[in-house]
Student: 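Quick one: this structure, given as structure tokens, is what I'll be asking you about.
In what follows, every heavy atom counts, from backbone to side chain, and hydrogens, waters and symmetry copies are set aside. By convention in this document, chain letters (A, B, ...) are assigned in the order of the sequence lines, proteins followed by strands, and residues within each chain are numbered from 1.
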Amino acid sequence: MPDISVLPQRFYLEGDVVQIAQKLLGKIIVTDIDGQLTMSRIVETEAYDGRVDKACHAYPQRRTPRTEVMFKEGGRSYVYLCYGIHYLFNIVTHAENEPNAVLLRAVEPVAGLDYMADRRKVKNQINFTNGPGKLASALGITLNFNDLILYDSGSPIWIAEEKENSYKPDIIQTTRIGVDYADEDALLPWRFYIKDNPYVSRK
DNA sequence: CGAGCGATTCGC
DNA sequence: CGAATCGCTCGG
């Protein structure tokens, strides 16, 4: 079990969302849902910038009931239902009225693997969390956990960093997945993942 | 109000 | 490769 501490809110307010998406790689997501504690290492992310990015639900400054949380101050969760079936988990970044978010696309299980196995009902451990819908399912994330403070270790979901770990992973930068509807913005290289990590989606 | 569609996954 | 499945968004 790694020695961890909560990632402070300022982490989500400094730099642009593309940098924050990279810096989230290697961080730990902790969930304590239905009495089931899990910990996982973030290994794949995508950045969405509501100011300039057609792929972002909040572009162009599109304020609706669903996107409202992205207009709040950084450090909150944005969870939504995708294809009527899967929940996708995002981290909101930046100041009020700057609607940016980072999608978690894959994580590596660290603790609570029995719970993940129960929730996912698949045998192969690789398939617990190697996709955005899969990881939400494995960690117990549903719409109930939208608009949650992530810089409070008392929350049912929070983000941590390891206290003593200077390891810097090799990061691959490439285009995002499933955003063809965004025309030329689908070409933005705003997907990041840890090189050679077995839990990265769509190898 | 209702048509159209999606930041995916799984099974055939 | 196509179905599943439903809330959100926008146009009428």
Side-chain angles (χ1 to χ4, degrees), chain A residues 12 16-22 24-25 29 40 42-72 74 76-94 98-109 116-148 150 157 159 172-194 198-203:
Chain A
Y12 305 106
D16 68 38
V17 66
V18 177
Q19 293 173 316
I20 294 172
Q22 289 177 75
L24 277 168
L25 294 177
I29 177 171
S40 315
I42 297 169
V43 300
E44 179 179 349
T45 60
E46 288 179 355
Y48 290 85
D49 186 328
R51 296 167 303 174
V52 299
D53 170 17
K54 281 189 208 170
C56 182
H57 294 157
Y59 172 87
Q61 296 291 113
R62 177 166 54 190
R63 200 163 189 147
T64 67
R66 185 175 64 157
T67 65
E68 188 63 30
V69 64
M70 277 199 273
F71 287 81
K72 297 192 184 185
R76 291 170 178 265
S77 59
Y78 166 44
V79 179
Y80 72 97
L81 181 64
C82 187
Y83 293 102
I85 300 176
H86 307 288
Y87 298 110
L88 271 59
F89 177 84
N90 298 256
I91 299 172
V92 174
T93 68
H94 298 93
E98 291 181 49
N100 302 327
V102 175
L103 170 69
L104 298 198
R105 280 199 57 90
V107 301
E108 175 178 334
M116 300 187 199
D118 285 347
R119 287 166 169 153
R120 289 281 298 130
K121 305 192 189 327
V122 293
K123 203 174 268 180
N124 188 346
Q125 186 175 308
I126 283 291
N127 289 317
F128 287 0
T129 55
N130 64 343
K134 297 178 188 180
L135 76 89
S137 169
L139 305 193
I141 297 172
T142 65
L143 266 197
N144 294 336
F145 303 95
N146 186 45
D147 197 0
L148 214 61
L150 299 175
I157 306 174
I159 310 295
I172 304 295
Q173 174 169 22
T174 181
T175 51
R176 296 173 294 182
I177 291 178
V179 295
D180 289 347
Y181 61 88
D183 302 325
E184 73 278 9
D185 290 342
L187 301 176
L188 292 169
W190 287 358
R191 173 182 178 222
F192 301 95
Y193 62 86
I194 296 179
Y199 288 88
V200 169
S201 69
R202 304 226 193 155
K203 278 190 291 297

Student: Near DNA chain C, which residues from residues 175-189 of chain A have a heavy atom under 4.0 Å away?
Tutor: none
Student: Measure from the side-chain N and O atoms of A/Thr175 to the backbone N and O of A/Leu187, and report whether any donor-acceptor pair falls under 3.5 Å.
Tutor: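 Not a single qualifying donor-acceptor pair exists.
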Student: Quick one: how far along DNA chain B does chain A reach, first to last nucleotide 5' to 3', anything under 4.0 Å to a heavy atom?
Tutor: B/dG6 to B/dC10
Student: Tell me every residue that passes side chain to side chain contact (heavy atoms under 4.5 Å, CB included) with A/Leu143, counting only those two or more places apart in sequence or in another chain.
Tutor: A/Val79, A/Tyr87
Student: Each nucleotide in nucleotides 2-12 of chain C should get exactly one letter: B, S or -. Can you fill that in based on protein heavy atoms under 4.0 Å?
Tutor: --BBBSSSS--
Student: Where does DNA chain C form stems of at least three consecutive Watson-Crick or G-U wobble pairs, each pair having both distances below 3.5 Å?
Tutor: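 Stems (3+ consecutive pairs) listed as B:1-6 with C:6-11, B:8-11 with C:1-4.
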Student: Test A/Thr67 against A/Arg62 for side chain to side chain donor-acceptor pair (under 3.5 Å), laying out the working first.
Tutor: CA-CA 7 Å; A/Thr67 65; A/Arg62 177 166 54 190; over 6 Å; no
Student: Heavy atoms only: give me the nearest A/Pro99-A/Ala58 pair and the separation to one decimal.
Tutor: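 Distance-wise, the nearest heavy atoms are CB-CB, 3.6 Å.
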Student: Please say whether the positively charged group of A/Arg51, taken as NZ for Lys or CZ for Arg, lies over the ring of A/Tyr59, i.e. under 6.0 angstrom from the six-membered ring centre and within 45 degrees of the axis.
Tutor: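 Ring-cation test returns no.
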Student: State, without any angle test, whether A/Ser137 and A/Arg119 hold a side-chain donor-acceptor pair at a distance under 3.5 Å.
Tutor: no
Student: Evaluate the side-chain proximity of A/Asp49 to A/Trp190: yes if any heavy-atom separation is below 4.5 Å, no if none is.
Tutor: yes
Student: Within the 3.5 Å criterion, strictly below it, is a donor on A/Gln22 or A/Tyr193 matched to an acceptor on the partner's side chain?
Tutor: no
Student: So, taking the atom named CD1 in A/Ile194 and the one named CD in A/Glu108, what distance separates them when rounded to the nearest 0.5 Å?
Tutor: 7.5 Å
Student: Which is true for A/Arg120 with a 4.0 Å heavy-atom rule: it touches a base, it touches only sugar-phosphate, or it touches nothing?
Tutor: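 Counting heavy atoms under 4.0 Å across all strands, the contact made by A/Arg120 is with sugar-phosphate only.
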Student: Is A/Asp53 paired with A/Arg176 through a side-chain N to carboxylate O contact shorter than 4.0 Å?
Tutor: yes
Student: For DNA chain B, find the residues of residues 132-140 of chain A with a heavy-atom distance under 4.0 Å and give them by number; none if there aren't any.
Tutor: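 The answer is A/Pro132, A/Gly133, A/Lys134.
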Student: Are the side chain of A/Glu46 and the backbone of A/Phe192 linked by a donor-acceptor contact shorter than 3.5 Å?
Tutor: no
Student: Between B/dC5 and C/dG2, how far is it from one C1' atom to the other, in whole Å?
Tutor: 16 Å
Student: Please check if the distance between the ring centroids of A/Tyr80 and A/His57 is under 6.0 Å.
Tutor: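 Ring centres of A/His57 and A/Tyr80 closer than 6.0 Å.
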Student: For the pair A/Asp185 (side chain) and A/Lys54 (backbone), establish whether a donor and an acceptor sit closer than 3.5 Å, ignoring hydrogens and angles.
Tutor: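 Yes, A/Asp185 side chain to A/Lys54 backbone: donor-acceptor pair under 3.5 Å.
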Student: Output yes when a side-chain donor or acceptor of A/Glu68 lies under 3.5 Å from a complementary backbone atom of A/Pro65, and no otherwise.
Tutor: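 No, because the side chain of A/Glu68 does not come within donor-acceptor range (under 3.5 Å) of the backbone of A/Pro65.
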Student: Using modelled atom types and a 3.5 Å cut-off, is there a donor and acceptor pairing between side-chain atoms of A/Gln173 and backbone atoms of A/Pro189?
Tutor: yes
